[in-house]
> 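Dropping the structure in here first, questions after.
Order of appearance sets the numbers: ligands from 1, and atoms from 1 within every ligand.
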Amino acid sequence: MSDSKIYPVSDELAATAHINNEKYLAMYEQSINDPDTFWGEEGKRLDWFKPYTKVKNTSFDPHNVDIRWFEDGTLNASYNCLDRHLATRGDQVAIIWEGDDPSESENITYRDLHERVCKFANALKSRGVEKGDVVTLYMPMIPEAAVAMLACTRIGAVHSIVFGGFSPEALAARIEGANSKVVVTSNYSLRAGKSVPLKLNVDKALEHEAAKACVDSVIVVKRVEQDVAWNDSVDVWYEDLVANASADCPAEEMEAEAPMFILYTSGSTGAPKGLKHTTGGYMVYAAMTHEYAFDYKDGDIYWCTADVGWVTGHSYIVYGPLANGATSLMFEGVPSYPDNSRFGRVIEKHKVNQFYTAPTAIRALMQQGEDVLGDSDLSSLRILGSVGEPINPEAWEWYYRIIGQNRCPIVDTWWQTETGGMMILPLPGATAAKPGAASRPFFGVQPALLDADGNELEGATDGNLVIKDSWPGQSRSIWGDHERFIQTYFTTYKGYYTTGDGARRDEDDYYWITGRVDDVINVSGHRMGTAEVESALVAHPAVAEAAVVGYPHEVKGQGIYVYVTLQAGFEQSDELLKELRMHVRSEIGPIASPDLIQFAPGMPKTRSGKIMRRILRKIAEDDFGALGDTSTLADPSVVDDLIEHRMNRK
Ligand code: PRX
């Protein structure tokens with residue numbers, strides 16, 4: 001891509017940013033050649049109760065995947081986000097909360113936040129939560145979500161956040177999988193002026209015997225004045241608990257490798273897996289990447305639009321920014337409410353300096369035209385970020401021009417739930433940007449491209465993206481199933497961490513992420529296993545067989561395209577279509593709602609019965625001219641029918 005446009009680093013940023021190109025090159029080299037010294041120094045950005053003497057002790061050997069960083073040190077994540085700032089920035093705003101309703105916002109100082117966290121930490125203890133217990137958070141984007149996270153880590157409890165858009169079924173599976181005894185939720189959440197019954201979803205989840213058996217407390221924040229069903233033996237109001245709680249709660253001393261949180265994410269096979277992140281390495285990595293990626297400086301107002309239900313919210317709304325003593329904006333609402341100028345209004349209202357969002361949000365705004373943000377004053381903006389999916393050059397240019405006003409660098413950050421923090425990104429003072437390229441690796445990250453046989457490819461080429469050695473933010477395991485962790489990430493290519501993404505490296509050694517190479521799709525920056533959607537569909541009595549693939553979608557990046565074969569005795573109809581859609585929503589959640597459903601009398605299968613997804617993908621992409629070899633199909637005529645009745649016609 002030598003013809004790709006290049007946006008050089010401005011002289012100003014090269015001179016003032018934490019990291020310029022010279023520094024980047026020198027630090028990168030040290031991070032690879034002498035990781036112990038490099039990370040030994042970087043680790044000092046945190047306060048440790050007991051300093052570490054060992055830095056890196058990691059192995060990607062599939063017989064013994066074992067990842068430890070700073071292993072003999074002790075610390076506390078909540079302490080690092082709160083207590084250590086009290087003396088110097090107690091009165092500084094830690095969290096600016098902007099409600100769904102633009103008239104609602106709140107500034108919470110470090111001192112306030114510390115007090116709220118201590119009280120809720122004591123409240124959790126009063127409900128029997130102990131070090132090592134798992135607490136499930138199923139919450140809207142309200143300050144109590146951050147408070148609950150920090151309260152858990154304060155007492156050494158492990159939080160497992162389930163995105164509020166997941167269904168009761170999905171929530172039940174995650175409660176059970178983590179054997180969680182407490183759930184924190186709110187009576188309702190607010191979204192574009194409408195209330196969503198979160199607590200009712202928890203009640204439904206607890207109708208599952210296995211989930212019910214784990215949980216002995218449901219703590220409910222009163223987000224809106226509206227009644228909810230109540231079970232006195234389990235339910236307790238958040239407000240009542242904290243009203244009586246002491247504000248004195250010393251932070252628990254945790255080993256660096258003590259589990260800090262679990263976060264479920266989808267893969268190509270099986271049920272979602274709970275990735276385990278640990279304390280020391282994760283916190284060092286989250287804090288450091290936040291500071292360097294956004295060139296965060298004291299006094300800056302930083303806004304990441306993600307939800308705390310995803311890893312981006314963990315690392316870049318709560319832990320990274322607060323560890324750095326930053327002011328982090330937390331937004332409850334949606335970009336289109338009360339109207340499409342909302343992002344601009346919030347940037348103007350709170351004088352946001354760094355803005356971090358997803359390509360899907362950019363594309364949605366882009367469709368509304370260049371004046372979508374109205375007369376919002378965007379002059380406070382300095383750096384823009386992108387995350388969650390590849391950003392197409394057109395969306396990149398629009399973001400740069402309309403939101404960045406032709407002056408703010410865009411940091412396109414490639415990373416994953418598994419990586420804990422950003423992995424490949426153009427540091428704003430160091431790396432010239434090419435629209436659509438994630439560009440260069442962060443410190444300590446050694447990407448490589450492999451061919452299908454696992455050979456490392458050199459030079460400008462395409463390949464399977466792997467990482468050659470450990471970095472501190474890396475997930476350590478899958479909760480309760482280390483063997484699955486090894487199988488999923490370390491056996492396809494021995495000695496490497498397999499990302500599941502494909503990438504291209506250009507002649508400047510920039511990496512361009514091309515998307516997943518497995519059966520995972522990315523819908524509006526939300527990662528979804530096609531197998532999960534398929535198993536939800538086949539659980540419906542009308543469905544004999546289902547195959548799910550992604551297809552290019554203008555706003556969502558990828559849409560969900562479903563092929564279903566009906567059981568004998570069921571007729572295709574509009575009602576059934578609606579019902580199937582509703583069924584998937586109730587099994588997984590609205591984010592998994594199929595965009596297009598095609599009734600297929602048969603699937604294209606090999607003679608051994610394997611569905612040829614390649615063909616289904618091509619038809620879904622409306623690109624059936626290039627189906628390739630179909631001669632191995634058991635019944636090639638199936639394909640003609642699928643093409644004739646395809647749902648996506650350009
Ligand atoms: O395919 C990549 C895509 O999102 C996947 C990770 O999803 P998740 O674990 O939910 O984490 C999302 C937030 C970090 C990756 O395997 N992805 C994420 N960021 C980018 C991206 N693809 C291209 N460019 C990105 N900047």
Side-chain angles (χ1 to χ4, degrees), residues 161-163 165-166 261-268 272-277 282 285-286 289-290 293 304-317 319-320 356-363 384-393 395-396 399 410-427 431 433-442 445 447 464-467 473-475 478 488-489 497-504 510-530 532 550 556-558 589 591-592:
I161 308 192
V162 180
F163 172 59
F166 278 123
F261 66 85
I262 311 173
L263 188 55
Y264 280 85
T265 192
S266 299
S268 36
K273 35 193 187 288
L275 288 160
K276 176 175 110 175
H277 282 281
Y282 171 82
Y285 201 72
T289 45
H290 170 261
C304 164
T305 69
D307 188 287
V308 291
W310 308 114
V311 72
T312 311
H314 285 64
S315 303
Y316 300 113
I317 294 177
Y319 291 112
Y356 190 28
T357 195
T360 185
I362 304 295
R363 289 191 298 262
L384 304 176
S386 173
V387 60
E389 47 174 322
I391 180 163
N392 45 312
W396 195 104
Y399 193 18
I410 297 179
V411 186
D412 175 11
T413 64
W414 173 83
W415 58 294
Q416 311 177 296
T417 306
E418 292 86 343
T419 70
M422 300 164 184
M423 298 288 281
I424 303 184
L425 67 156
L427 292 173
T431 308
K434 300 186 190 183
S439 78
R440 301 198 287 187
F442 192 71
V445 174
N464 295 299
L465 179 64
V466 297
I467 311 293
Q474 180 172 27
S475 168
I478 289 172
T488 310
Y489 303 108
Y497 164 74
T498 302
T499 67
D501 279 311
R504 185 174 81 244
Y510 274 37
Y511 286 85
W512 301 67
I513 310 299
T514 48
R516 301 288 304 194
V517 292
D518 54 11
D519 290 324
V520 170
I521 53 179
N522 193 323
V523 182
S524 300
H526 301 149
R527 171 170 163 181
M528 206 157 326
T530 49
E532 257 174 273
K556 299 177 175 185
Q558 280 188 298
I591 54 169

> For ligand 1, note which part of Gln416 has a heavy atom under 4.0 Å away: side chain, backbone, both or neither.
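Both backbone and side chain of Gln416 come within 4.0 Å of ligand 1.
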> Using a 4.0 Å cutoff against the non-hydrogen atoms of Trp415, which atoms of ligand 1 qualify?
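Answer for ligand 1: 6 (C), 14 (C), 15 (C), 18 (C), 19 (N).
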> Under 4.0 Å from a heavy atom of Asn522: which atoms of ligand 1 are those, numbered in the order shown and with their elements?
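Close to Asn522: 3 (C), 4 (O).
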> Under 6.0 Å between ring centres, would you say that holds for Trp415 and Tyr285?
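They do not qualify: ring centres at least 6.0 Å apart.
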> Taking the minimum heavy-atom distance to atom 17 (N) of ligand 1, which of Ala306, Gly388, Ala358, Gly267 ranks first?
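Looking at heavy atoms only, Gly388 sits closest to atom 17 (N) of ligand 1.
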> Considering Glu418, Met423, Arg527, His526 one by one, which has a heavy atom nearer to atom 10 (O) of ligand 1 than any of the others?
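Of the listed residues, Arg527 has the closest heavy atom.
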> Applying a heavy-atom cut-off of 4.0 Å, say which part of Thr413 lies close to ligand 1: side chain, backbone, both or neither.
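Answer for Thr413: backbone.
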> Hey, are the side chains of Trp512 and Lys434 touching, using non-hydrogen atoms and a 4.5 Å cut-off?
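Yes, side chains in contact.
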> Looking at OG1 of Thr357 and CG of Leu384, how far apart are the two atoms once the value is rounded to the nearest 0.5 Å?
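One gets 10.0 Å once the value is rounded to the nearest 0.5 Å.
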> Does the separation of the ring centres of His314 and Tyr282 fall below 6.0 angstrom?
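Not under 6.0 Å, so no.
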> What's the shortest distance from atom 25 (C) of ligand 1 to any protein heavy atom, and which residue and atom give it?
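Closest protein heavy atom to atom 25 (C) of ligand 1: Glu389 O, 3.4 Å.
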> Would you mind finding which of Asp501, Thr417, Thr419 brings a heavy atom closest to atom 11 (O) of ligand 1?
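That would be Thr417.
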> Knowing that exactly one of Thr419, Leu427, Thr413 qualifies, which makes a side chain to side chain contact (heavy atoms under 4.5 Å, CB included) with Phe442?
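Among the candidates, only Leu427 passes.
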> So which of Thr499, Val517, Thr312 gets nearest to atom 13 (C) of ligand 1, if we judge by its closest heavy atom?
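Checking each option, the heavy atom nearest atom 13 (C) of ligand 1 is found in Thr312.
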> For ligand 1 and Ser386, I'd like to know whether there is a polar contact (N/O to N/O, distance under 3.5 Å).
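Among all N and O atoms of Ser386, none is under 3.5 Å from an N or O of ligand 1.
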> Is the shortest heavy-atom distance from the side chain of Tyr316 to the side chain of Met422 under 4.5 Å?
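They are in side-chain contact.
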> To the nearest 0.5 Å, tell me how far Ile317 CD1 sits from Thr305 OG1.
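So the CD1 of Ile317 and the OG1 of Thr305 are separated by 7.5 Å.
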> Could you list which atoms of ligand 1 come closer than 4.0 Å to a heavy atom of Pro390?
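It comes down to these atoms of ligand 1: 22 (N), 23 (C), 24 (N).
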> Can you name the atoms of ligand 1, numbered from 1 with element, that are less than 4.0 Å from a heavy atom of Val387?
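Those atoms are 13 (C), 14 (C).
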> Under a 4.5 Å cut-off applied to non-hydrogen side-chain atoms, are Arg363 and Asn392 in contact?
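In contact.
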> List ligand 1 atoms under 4.0 Å from Asp412, heavy atoms only on the residue side.
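With Asp412 as reference, the close atoms of ligand 1 come out as 25 (C), 26 (N).
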> Is a side-chain N or O of Ser315 found less than 3.5 angstrom from the main chain of Thr312, in a donor-acceptor match?
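Flag not set: sc Ser315 to bb Thr312 has no pair under 3.5 Å.
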